[in-house]
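Down below is the structure, laid out as structure tokens.
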Amino acid sequence: MENIPLLMFLVLFMVLAMGIPIAFALSMVAILFGWSLWGVGGMRLLVTAAWGTMNNFALLAVPLFIFMALILQKSRVVEDIYDSFYKWSGPLRGGLAVATILVGAILGAVSGVVAAGVIGLGLIGLPQMLKYGYNQRLSLGSVMAGGTLGQLIPPSTNMVIYGAVTGLSVGSLFAGGLTCGAFLALLYCAYILIRSLINPKLCPALPLEDRVDWRGKVKALRKVFLPSLLILLVLGSVLSGAATPTEAAAVGAVGALFFSFVTRRLSFDIVKSASMETLEISSMVGWIIIGAAAFGSVFSGVGGNRLVAELAMSMPGGPWMVFAVSVLFVFFLGMFLEPTAMIMLAAPIVSPILTRLGFDPLWWGLVFMVLLQVAYLSPPFGFSLFYMRGAAPDHIGIEEIYMSSLPFMGIQFLSLLFLVFFPGIALWLPRLLLS
């Protein structure tokens, strides 16, 4: 019986290696072990897990945030924001790459969906950087890093799922994610500017004929006004306590429709297309959550959680060794699994153990979110790598995309070290709001 939890993970990775989607792989392994161990009783356990997931009200925010992101993507808000930052930062060496990071951060605050950020920036920002002679790897890396900030900067769908699984306040996660995301964006920008300073040919400034005067720059700011207002509505309502994340998601979805209507870009086809894609993405996320809940129920039923807790408590090196192993475990899962599946599998196992060892649960939750950032960029199966491949020109191969992600992964691990040694980076805003 003691080896069954390990056997479950081994069978899961074997099933994934066969090419079966993660949602159905989780369900298959749960059904296989549940039926073989407990017969019909095991099936009741799986149904209860699925029913509990379907009745989790907090998860209603996920399709609403996805719908908001798709409406904004289809109404060309990415083009408007990038154009504004492009006109302001172009004269600076590395300015277009910095603009890409900052636009990614704003898109994260508007939508919270990584695919919208990476694909949008890949289609709009990457051609501009390559056109003006920017280094190809730095350009690809800045698009992926900037677009992936939507996972960390609220409103983030992954934070909603993590909060629903662990019982942690989503509002507190949003507040901490705001400071962590801004700090990570600052590190990205510093890296780009330092490399551009050392090697001016890496990211040349825009030629004089392509720059705009002050009047043009001020005029470009008008395109940022409505997205900024939407950010204030969504985040402000959550952080102030005026609305729950689910209510704020509804406000964001309505705000995105209003934004598209005011800019005269709203059409029946856009709403229909966004609704259908929301249904597809939400269904995929829902099945992953149900499959992971079923897997987790069987894993817990065979003593997996207890076994992991006992191993952690007996590990030499104390709590920080357990923390280091937990980070490696989450990072390893991120190399192969979709982030939602990572949350559903790792959070119920690891988070309670670290809380028992004295780590702040909110701080660990934000560290977990940074590790999800790394997962999006980590070869071989980081989602942002494949989003980038779909948006990049045909002559750019997947190997080039893999190589371009490595420096920015290093920066993500650097930010993780900062969070370990200076936890106030993550916790000062949540504490301020609570006080």
Validation row: [X], [Y] side chains within 4.5 angstrom (heavy atoms):
X: Met129; Y: Val143; answer: yes
X: Leu138; Y: Cys203; answer: yes
X: Ser260; Y: Ile270; answer: no
X: Leu354; Y: Ser326; answer: yes
X: Ile396; Y: Met388; answer: no
X: Phe33; Y: Val11; answer: yes
X: Ser415; Y: Leu419; answer: no
X: Gln151; Y: Tyr376; answer: yes

From [X] [atom1] over to [Y] [atom2], what is the distance, rounded to the nearest 0.5 angstrom?
X: Gln373; Y: Ile153; atom1: CD; atom2: CD1; result: 8.0 Å
X: Leu26; Y: Ile31; atom1: CG; atom2: CD1; result: 11.0 Å
X: Cys189; Y: Ile194; atom1: SG; atom2: CD1; result: 11.0 Å
X: Leu130; Y: Leu126; atom1: CG; atom2: CG; result: 4.5 Å
X: Ile349; Y: Leu333; atom1: CD1; atom2: CG; result: 8.5 Å
X: Leu202; Y: Gln136; atom1: CG; atom2: CD; result: 12.0 Å

Can you list the residues that meet the side-chain hydrogen bond (donor to acceptor under 3.5 Å, both in side chains) rule with [X], with sequence neighbours excluded?
X: Tyr191; value: Arg195
X: Ser405; value: none
X: Ser142; value: none
X: Glu280; value: none

Task: Plane angle bin for Phe329 and Phe9 - parallel if under 30°, tilted between 30 and 60°, otherwise perpendicular - done: perpendicular

Task: Steps toward side chain to side chain contact (heavy atoms under 4.5 Å, CB included) verdict (Leu173, Val160) - done: CA-CA 9 Å; Leu173 283 169; Val160 174; over 6 Å; no

Give the table of side-chain donor-acceptor pairs shorter than 3.5 Å for residues 271-278, with sequence neighbours excluded, one pair per line with atom names and distance.
residue: Ser273; atom: OG; partner: Lys74; partner atom: NZ; Å: 3.2
residue: Ser273; atom: OG; partner: Glu277; partner atom: OE2; Å: 3.3
residue: Ser275; atom: OG; partner: Val271; partner atom: O; Å: 2.7
residue: Glu277; atom: OE2; partner: Lys74; partner atom: NZ; Å: 2.8
residue: Thr278; atom: OG1; partner: Ala274; partner atom: O; Å: 2.7

Task: Listed once per pair and sorted, the salt bridge (charged side-chain N to carboxylate O under 4.0 Å, His left out) pairs that draw on residues 144-153, sequence neighbours left out - done: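 Of all non-adjacent pairs touching residues 144-153, none passes salt bridge (charged side-chain N to carboxylate O under 4.0 Å, His left out).
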
Task: Listed once per pair and sorted, the salt bridge (charged side-chain N to carboxylate O under 4.0 Å, His left out) pairs that draw on residues 135-160, sequence neighbours left out - done: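 The answer is Arg137-Glu400.
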
Could you report the tightest heavy-atom contact between [X] and [Y], atom names first, then the distance?
X: Ser196; Y: Gly94; answer: OG-CA, 3.6 Å
X: Ala375; Y: Met342; answer: CB-SD, 3.7 Å
X: Ile4; Y: Leu37; answer: CD1-CD2, 3.8 Å
X: Ala175; Y: Pro430; answer: CB-CG, 3.9 Å
X: Ala250; Y: Leu64; answer: N-CD1, 3.8 Å
X: Ile71; Y: Ala256; answer: CG2-O, 3.6 Å

With a sphere of 6.0 Å drawn around [atom1] of [X], does it hold more than 12 non-hydrogen atoms of other residues, nucleotides or ligands?
X: Phe258; atom1: CZ; result: no
X: Phe261; atom1: CZ; result: no
X: Arg356; atom1: CZ; result: no

TODO: Give the intermediate values and the outcome of side chain to side chain donor-acceptor pair (under 3.5 Å) for residues Ser351 and Thr166.
DONE: CA-CA 8 Å; Ser351 299; Thr166 60; over 6 Å; no

Open item on the list: Applying ring-ring contact (aromatic ring centres under 6.0 Å, His included) as the test, list every pair that has at least one member in residues 144-179; sequence neighbours left out.
Closed with: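 Checked against ring-ring contact (aromatic ring centres under 6.0 Å, His included) - neighbours excluded - the pairs reaching residues 144-179 are Tyr162-Phe368.
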
Open item on the list: Per the ring-ring contact (aromatic ring centres under 6.0 Å, His included) rule, what does the pair list look like for residues 227-255, sequence neighbours excluded?
Closed with: none

Task: Non-neighbouring partners of Leu416 that pass side chain to side chain contact (heavy atoms under 4.5 Å, CB included), sequence neighbours left out - done: Val327, Val367, Val370, Leu371, Phe413

Task: side chain to side chain contact (heavy atoms under 4.5 Å, CB included) partners of Pro127, counting only residues at least two apart - done: none

Open item on the list: Less than 3.5 Å apart, any donor N or O on the side chain of Gln412 or Tyr188 sitting next to an acceptor on the other?
Closed with: yes

Open item on the list: Testing the 3.5 Å rule here: is there a donor-acceptor pair between the side chains of Thr355 and Trp364?
Closed with: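 Short answer, no.
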
- [ ] Check step by step if side chain to side chain contact (heavy atoms under 4.5 Å, CB included) holds for Met144 and Phe408.
- [x] CA-CA 9 Å; Met144 289 188 289; Phe408 290 90; over 6 Å; no

In a table with atom names and distances, give each donor-acceptor pair under 3.5 Å that connects a side chain of residues 176-186 to protein atoms at least two apart or in another chain.
residue: Thr179; atom: OG1; partner: Gly176; partner atom: O; Å: 2.9
residue: Thr179; atom: OG1; partner: Ile425; partner atom: O; Å: 2.9

Task: CA sep, side-chain torsions, deciding dist, call: Tyr134, Leu140, side chain to side chain contact (heavy atoms under 4.5 Å, CB included) - done: CA-CA 10 Å; Tyr134 274 49; Leu140 291 166; over 6 Å; no

Task: Ring centres under 6.0 angstrom apart (Phe323, Trp363) - done: yes

TODO: Any chance you could lay out the ring pair (Phe, Tyr, Trp, His ring centres under 6.0 Å) test for Phe359 and Trp320, step after step, and finish with the verdict?
DONE: CA-CA 9 Å; Phe359 292 98; Trp320 283 105; 5.0 Å; yes

